[in-house]
Amino acid sequence: MASSKFIFIFIFVCFVVGSLMPSTKAQDPSKLTLEYYSKTCPHAQEIVRTEMECFVRADPRNAALLLRLHFHDCFVQGCDGSVLLDDTETLIGEKQAEQNVNSLKGFDLVDKIKEKLEAECPGVVTCADLLAIAARDAVVLVGGPYWDVPVGRLDAKKGSLDLANDDIPTAQQGLLTLISKFWAKGLSATDMVALVGSHTIGFARCANYRDRIYGDFEQTSKYNPSSEIYLNKVKETCPVDGGDDNISAMDYASPAAFDNAFYEQLIKGEGLLNSDQEMWSSMVGSQTADLVNKYWADPGLFFKQFSDSIVKMGNITNPDGGEVRKNCRFVNI
């Protein structure tokens, strides 16, 4: 009976994943190159790096802010800077989406970088490329891997609140839903487990992990005494009622360093977000659990796969084209 149930689940997972594989009309990243600004703004990446060094030196948490902005940008319409758009009378942006409002920060940092780029090369470097480069530098500056960033993206002339609400993964979703959302963007389960490793430097709002710590946390951590100590500490930060905006590190062992310690936390059953712990604890998660094990055992493997996967994600472009925004918050007039 148990065997039949396992076979049914396996077939169901294969069906869901297979039916959600990207179509042949995938967005075309062919215009992205490493040399795109070599003549028009040769110091672009140096400018971004210098600003990022200042931001991370002032507060290491700024690294996670820029990395998250890049992720949330790419999951809606492709990597097109749409996440940066402010609402206007004629444009509804993405900042008020469920996974963005009260959570995404760092827009002021983007403004500062853009000002420097515009002073050096007016109307040349896009906000979408700015985010992609800044995300790489953010990771490097807190001890993570380096990767070359293909550039040449265009900035969207519109955003989509509906797509932001639908496409961006949420903290409460189960593994099958999470896999389907990544596959819809052309990203595999392997890409997903590697990219979620970025939570090694992230912080989460109490509103996003309250259900988890007052739910099955003790069950997944197997009532381990050391886990109970951690759980009680997190509950002090996130009470049953109130404190929605209080934050806790998703990697309590080394929150300021980009490393693989996050995966050990999942293996212990101590993932702060339900969506993270699902990769290890879900009954249909044998593949993702195996990847969690591998990335914890081999930090070099994690770094390599993270670099490959974030480049893959960053190559999702907006097929509608766009422009080079002068101000990342508004489309050009």
Side-chain angles (χ1 to χ4, degrees), residues 48 51-52 55-56 58-88 91-114 126-139 142 153 155-156 158-173 178 181-182 185 195-210 243-251 255 258 272-273 275-276 310 313-314 316 318 325 327-331:
V48 177
E51 293 302 298
M52 286 302 302
F55 299 152
V56 175
D59 187 346
R61 290 181 297 181
N62 284 332
L65 303 186
L66 272 296
L67 181 57
R68 181 177 292 181
L69 279 174
H70 180 47
F71 179 91
H72 283 230
D73 182 36
C74 293
F75 257 67
V76 183
Q77 303 181 164
C79 310
D80 60 1
S82 60
V83 72
L84 303 174
L85 290 169
D86 282 350
D87 290 351
T88 68
L91 185 150
I92 302 300
E94 301 161 15
K95 291 182 177 178
Q96 297 303 309
E98 176 187 357
Q99 286 302 294
N100 294 341
V101 65
N102 300 321
S103 178
L104 282 191
K105 301 181 185 299
F107 298 107
D108 57 327
L109 306 182
V110 173
D111 292 339
K112 292 176 182 178
I113 298 174
K114 181 61 172 173
T126 64
C127 301
D129 280 342
L130 183 166
L131 284 182
I133 298 168
R136 186 270 314 279
D137 292 341
V139 170
V142 290
R153 302 164 187 79
D155 294 326
K158 62 180 181 180
S160 177
L161 180 63
D162 289 340
L163 287 179
N165 280 321
D166 290 341
D167 292 359
I168 299 173
T170 72
Q172 291 76 29
Q173 288 172 332
L178 296 170
K181 288 194 171 186
F182 276 80
K185 302 301 175 185
L195 289 170
V196 173
S198 63
H199 287 173
T200 185
I201 57 169
F203 286 76
R205 294 174 63 237
C206 166
N208 288 326
Y209 64 82
R210 179 183 286 114
D244 283 2
D245 291 329
N246 295 344
I247 60 173
S248 293
M250 289 180 279
D251 171 7
F258 194 99
L272 188 63
L273 301 181
S275 54
D276 291 347
I310 200 167
M313 182 187 76
I316 305 173
N318 188 330
R325 265 185 241 142
N327 183 321
C328 291
R329 294 176 181 265
F330 305 102
V331 298

> To the nearest 0.5 Å, tell me how far E98 CD sits from D166 CG.
10.0 Å
> Restricting to non-hydrogen atoms, name the atom on F107 and the atom on L84 that form the minimum distance, rounded to 0.1 Å.
CD2-CD2, 3.8 Å
> Starting at CG of L195, measure out to CE of M313 and round the result to the nearest 0.5 Å.
6.0 Å
> Report yes if the side chains of I247 and R61 come closer than 4.5 Å at any heavy-atom pair, otherwise no.
yes
> D167 pairs by side-chain hydrogen bond (donor to acceptor under 3.5 Å, both in side chains) with which of H72, K185, K181?
K185
> I'd like to know if the side chain of N62 and the backbone of F55 have a donor-acceptor N/O pair within less than 3.5 Å.
yes
> If you count every heavy atom of other residues, nucleotides or ligands that lies below 6.0 Å from R210 atom CZ, does the total exceed 12?
yes
> Locate the shortest heavy-atom distance separating Q77 from A156; write the atom from each residue and the value.
NE2-CB, 3.8 Å
> Is the backbone N or O of S160 less than 3.5 Å from a side-chain atom of E94, with the two atoms forming a donor-acceptor pair by type?
yes
> Does a side-chain N-to-carboxylate-O contact under 4.0 Å join R329 and D111?
yes
> For F75 and F182, take the angle between the two ring planes, folded into 0 to 90°, and tell me which bin it lands in: parallel under 30, tilted 30 to 60, perpendicular over 60.
perpendicular
> Supply the atom-to-atom distance N208 CG to D245 CG, rounded to the nearest 0.5 angstrom.
10.0 Å
> Grab the two heavy atoms, one from S103 and one from R68, that are nearest each other, plus how far apart they are.
OG-NH1, 3.2 Å
> Look only at the side chain of N246 and the backbone of C206, and say whether a donor-acceptor pair between them is shorter than 3.5 Å.
no
> NE2/H199 to CZ/F258 distance, rounded to the nearest 0.5 angstrom?
10.5 Å
> Minimum heavy-atom separation for L273 to A204, with atom names?
CD2-CB, 3.9 Å
> Would you say the side chain of L85 lies within less than 4.5 Å of the side chain of R325, judging by non-hydrogen atoms?
yes
> Specify the closest pair of heavy atoms between K158 and L91, including all atoms of both residues, with the distance to one decimal.
CA-CD1, 3.9 Å
> Please check if the side chain of D73 supplies one atom and the backbone of C79 the other of a donor-acceptor pair under 3.5 Å.
no
> Any ion pair linking R205 and D244 (charged N to carboxylate O, less than 4.0 Å)?
no
> When you measure from the side chain of R153 to the backbone of G78, do you find a donor-acceptor pair of N or O atoms at a distance under 3.5 Å?
no
> Flag this pair as yes if the NZ/CZ of K105 is under 6.0 angstrom from the six-membered ring centre of F203 and inside a 45 degree cone about the axis; otherwise no.
no
> Given side chains that start at C-beta, do those of L131 and V83 come closer than 4.5 Å, heavy atoms only?
yes
> Decide yes or no for K95 and L104: does some side-chain heavy atom of the first lie under 4.5 Å from some side-chain heavy atom of the second?
no
> How many angstroms lie between CD1 in I92 and CG in L161, if you round to the nearest 0.5 Å?
7.5 Å
> Measure the CG-OG distance between D251 and S198 for me, rounded to the nearest 0.5 Å.
11.5 Å
> Before giving the answer on side chain to side chain contact (heavy atoms under 4.5 Å, CB included), spell out for L109 and E51 the whole-Å C-alpha distance, their side-chain angles and the decisive distance to 0.1 Å.
CA-CA 9 Å; L109 306 182; E51 293 302 298; over 6 Å; no
> Please find the pair of heavy atoms, one from A128 and one from G81, that lie closest to each other, and give the distance.
CB-N, 3.6 Å
> With side chain to side chain contact (heavy atoms under 4.5 Å, CB included) as the test, would you mind laying out the steps for V142 and T200 before giving the verdict?
CA-CA 10 Å; V142 290; T200 185; over 6 Å; no
